[in-house]
Amino acid sequence: MLRVNQVKVNPGHSEADLKRSAANILRIPEGNIGSLKIIRQSIDARKKPRISYSYSVDVTVKEEEKILRRFRGRENQVCRAEQKEYHFPEPGKSVQKNPTVIVGTGPAGLFCGYFLALHGYSPVLLERGKCVEERRKDVEAFWETGQLDTDSNVQFGEGGAGTFSDGKLNTLVRDRDGRNRMVLETFMKFGAKEQICYEAKPHIGTDVLCDVVKRMRDEILRLGGQVRFGSQVTEIELRQGHVAGVVVNGSERIACEQLVLAIGHSARDTFAMLHRKQVPMEAKAFAVGLRVEHPQSMISERQYGMEEPGSLGAAPYKVAAKAANGRGVYSFCMCPGGYVVNASSESGHTAVNGMSYSGRDGKNANSAIIVTVTPEDFGGEGGPLAGIAFQRQLERRAFEIGGGKIPVQRYGDFRRQVLKRGPDREDAMEEKTVLLKAAMEEEKVLPKDTAEEDQVPGKNDMAERLFQPQCKGQYKWADVSGILPSECNAAIVEGMEAFAAQIKGFNRLDACLSGVESRTSSPVRILRDESLQSQVRGLYPCGEGAGYAGGIVSAAMDGIRVAEQIAAEFGNLLHDTGKVARY
């Protein structure tokens, strides 16, 4: 089988078109190609608006060796296909006294539990929140009414924080052992579209991801595992430096010797309990910032050369710059055709995130524009939980500024506040009048400035000319510049201006900023060694919350890795009975 790269076809192509293009590269008749499998698909937008797909495909051909000789020295375009097969380890020799307990059912816990159940280990999954069906109702009720359930929200519940996001499945983690592909194939097995296995930037969408999570839970149960909701681990029992059990909801004890901590990045009370138990942890760098919204039509036009890209779908972007103060500022969790969501999990605190449905058909594009902060910024001498205290400080400010709603501000006003300068009131109003008149004659003329009273929908003509935020949860126009530290605000302004050189109009003054984006990754790392265990033996820190992943796929891969580690040491029921696990 041969791997053929850089196979170019137009959007809306057929499988026959793809085979024809591959045959042209190989310089063989189409009939000489037997099977064809797509390995990777990306979009080539270098000659916009002439957009093409670029594929890597595996094909079976006649006279394979002859073709390989023809492309000697050009292996970057044609080479022998090699697909890394995934292998779960053979069961170990040790005997488990009690089933493995997994805390959390985000991607790390869910995949760890699924792979253990698949190979006969009957794990027990404990989730403080609700099942995804009930959780969805609670989240939508919060967005509608502002009444927060602190145990069932965008952060807590089956599926983890990524369930109410864009469901992005790309990762920068190198996949030497085939875990990445196994994660994607597992998602596909439980209902995701086949394209996630080959798209360069795959995504599921929150609507599909909810169903996938439920099906994975059902399979864990069918395979003999347990999944318990409303079950918060409030204490870990230790005996001579080893895990002996957990206490659930302050009263029920469950004995276990292998405990997987897949708690997610927002389980602040659990981090505090671990700190009290002297589980080794450290504060780590993470990033904070604001969500920015632009019209999706503008982003698609800049990226693809067309406002309505059809089958290409809403265009994404990725931007990065370095501010004068040395801080990196970059886009994160970009959601084409998406919504800004209230992702709070604590009363009196406001945090935001981005979300898209599978169709990515919302009117706005949004992403977090974030700045890295380190323990030196938030007082690392305060111990491993210093970053959590810093997050809470920002989220309290956001809550107060927005009055419990998502605080939103136009970029023009944010920039003026940050830079402490700008046109006086009369000049600004005169400029607005001229630009509004021009905008009525030419739709693509953008307003150059706004003021807070111009941002109230329906109040005047200017407000009607400006695009509006798309939020899940109530929002309020407010002074967002009062949330972050001044150096972070300055870096964001520098970044927005720099990004305009990459995407024209990115710094448009009617872009919407909302805050605060504080949950980009865990502010804590729970230390583990080469056996993936803590200094507390039998304790396996896992996934994003423990500081070892940065998204859905990397967290799921880490969950599989922990499952492998447990399986390599301990035997299982399938091993004892001679049954064979099937994927």
Side-chain angles (χ1 to χ4, degrees), residues 138-149 153-155 161 164-166 206 288-296 332-357 362-370 394-418 447 450-460 462-484 489 492 496 508-520:
D138 292 337
V139 168
E140 290 175 351
F142 169 56
W143 289 339
E144 196 71 31
T145 67
Q147 297 298 310
L148 175 66
D149 184 332
N153 47 62
V154 171
Q155 306 296 343
F164 294 94
S165 69
D166 190 56
T206 189
V288 297
L290 305 169
R291 280 270 150 188
V292 63
E293 292 183 81
H294 299 89
Q296 180 61 53
F332 171 80
C333 187
M334 193 270 152
C335 298
Y339 301 81
V340 173
V341 305
N342 192 329
S344 306
S345 61
E346 292 184 333
S347 298
H349 298 70
T350 296
V352 297
N353 194 11
M355 183 189 86
S356 293
Y357 295 110
K363 293 181 179 180
N364 291 357
N366 77 73
S367 73
I369 303 300
I370 56 176
L394 301 183
E395 292 169 14
R396 279 194 298 269
R397 288 181 195 166
F399 184 88
E400 292 164 0
I401 287 170
K405 301 176 182 179
I406 299 172
V408 184
Q409 186 175 31
R410 298 289 181 185
Y411 173 62
D413 295 313
F414 175 84
R415 187 176 73 173
R416 185 187 301 111
Q417 294 283 355
V418 172
T450 66
E452 187 166 336
E453 59 264 36
D454 296 320
Q455 299 173 352
V456 181
K459 183 166 184 177
N460 53 37
M462 177 57 78
E464 294 175 3
R465 300 304 301 173
L466 303 177
F467 81 96
Q468 300 300 317
Q470 281 202 320
C471 296
K472 293 291 184 178
Q474 301 169 5
Y475 69 90
K476 176 185 177 182
W477 296 106
D479 183 8
V480 171
S481 68
I483 300 173
L484 295 167
N489 281 338
I492 288 173
M496 291 288 292
R508 55 188 283 169
L509 301 187
D510 64 340
C512 295
L513 294 176
S514 55
V516 59
E517 181 87 21
S518 53
R519 311 283 183 96
T520 56

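The chain is numbered in sequence order, starting from 1.
Between Lys472 and Glu140 there is no salt bridge, since no side-chain nitrogen of the basic residue lies less than 4.0 Å from a carboxylate oxygen of the acidic one. Residues Asp413 and Arg410 are not paired through a salt bridge, judged by the lack of any N-O separation under 4.0 Å between the basic side chain and the carboxylate.
Remark: Asn353 pairs with Arg291 by the side chain to side chain donor-acceptor pair (under 3.5 Å) rule, at least two apart or across chains. The side chain to side chain donor-acceptor pair (under 3.5 Å) test applied to Asp138 returns Lys130, Ser152, not counting sequence neighbours. Partners of Gln470 under the side chain to side chain contact (heavy atoms under 4.5 Å, CB included) rule, at least two apart in sequence or in another chain, are Glu293, Tyr339, Lys363, Asn364.
Met496 is not listed as a side-chain neighbour of Phe414, based on a closest heavy-atom distance of 4.5 Å or more. Side-chain atoms of Ser344 and Phe399, non-hydrogen and from C-beta on, never get closer than 4.5 Å to each other. Residues Leu290 and Val480 form a side-chain contact, since some pair of their non-hydrogen atoms from C-beta on lies under 4.5 Å apart. Inter-residue side-chain proximity for Phe467 and Asp510 is flagged as met; some heavy-atom pair is nearer than 4.5 Å. For the pair His294/Val292, a side-chain contact is recorded, criterion being any heavy-atom separation below 4.5 Å from C-beta on. Residues Pro407 and Lys476 have side chains not in contact (no heavy-atom distance under 4.5 Å, counting atoms from C-beta outward). With a 4.5 Å cut-off on side-chain heavy atoms, Val408 and Leu513 do not count as touching. With a 4.5 Å cut-off on side-chain heavy atoms, Gln474 and Phe142 do not count as touching.
Between Val516 and Thr350 the shortest heavy-atom distance is CG1-O, 3.4 Å. Of all the heavy atoms in Gly515 and Ile406, the pair that sits closest is O-CG2, 4.4 Å. Taking each heavy atom of Ile492 and Ile369 in turn, the nearest pair found is CD1-O, 3.9 Å. Annotation for Ala365 and Met334: closest pair CB-CE, 3.7 Å, computed over non-hydrogen atoms.
The distance from the CD1 atom of Ile401 to the CD1 atom of Ile483 is 4.5 Å, given to the nearest 0.5 Å. The OG atom of Ser518 lies 12.0 Å from the CZ atom of Arg397; values are rounded to the nearest 0.5 Å. How far OG of Ser345 is from CD of Glu395: 6.5 Å, rounded to the nearest 0.5 Å. Here the straight-line distance linking atom OG of Ser514 with atom NZ of Lys405 works out to 15.0 Å at 0.5 Å rounding. Between Glu517 atom CD and Leu484 atom CG the span is 10.5 Å, to the nearest 0.5 Å. Taking CD of Gln155 as the reference point, atom CG of Asn153 lies at 6.5 Å (rounded to 0.5 Å).
Under the 3.5 Å distance criterion, the side-chain polar atoms of Trp143 are matched with a main-chain donor or acceptor of Asn342. Remark: side-chain polar atoms of Ser356 are paired, donor with acceptor, to backbone N or O of Pro336 under 3.5 angstrom. Of the possible polar contacts, one joining the Asn489 side chain to the Ser481 backbone as a donor-acceptor pair under 3.5 Å is found.
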What verdict does the side chain to side chain contact (heavy atoms under 4.5 Å, CB included) test give for Cys512 and Trp477, after you've listed the backbone C-alpha separation in whole Å, the side-chain angles of each residue and the deciding distance to 0.1 Å? CA-CA 10 Å; Cys512 295; Trp477 296 106; 4.1 Å; yes

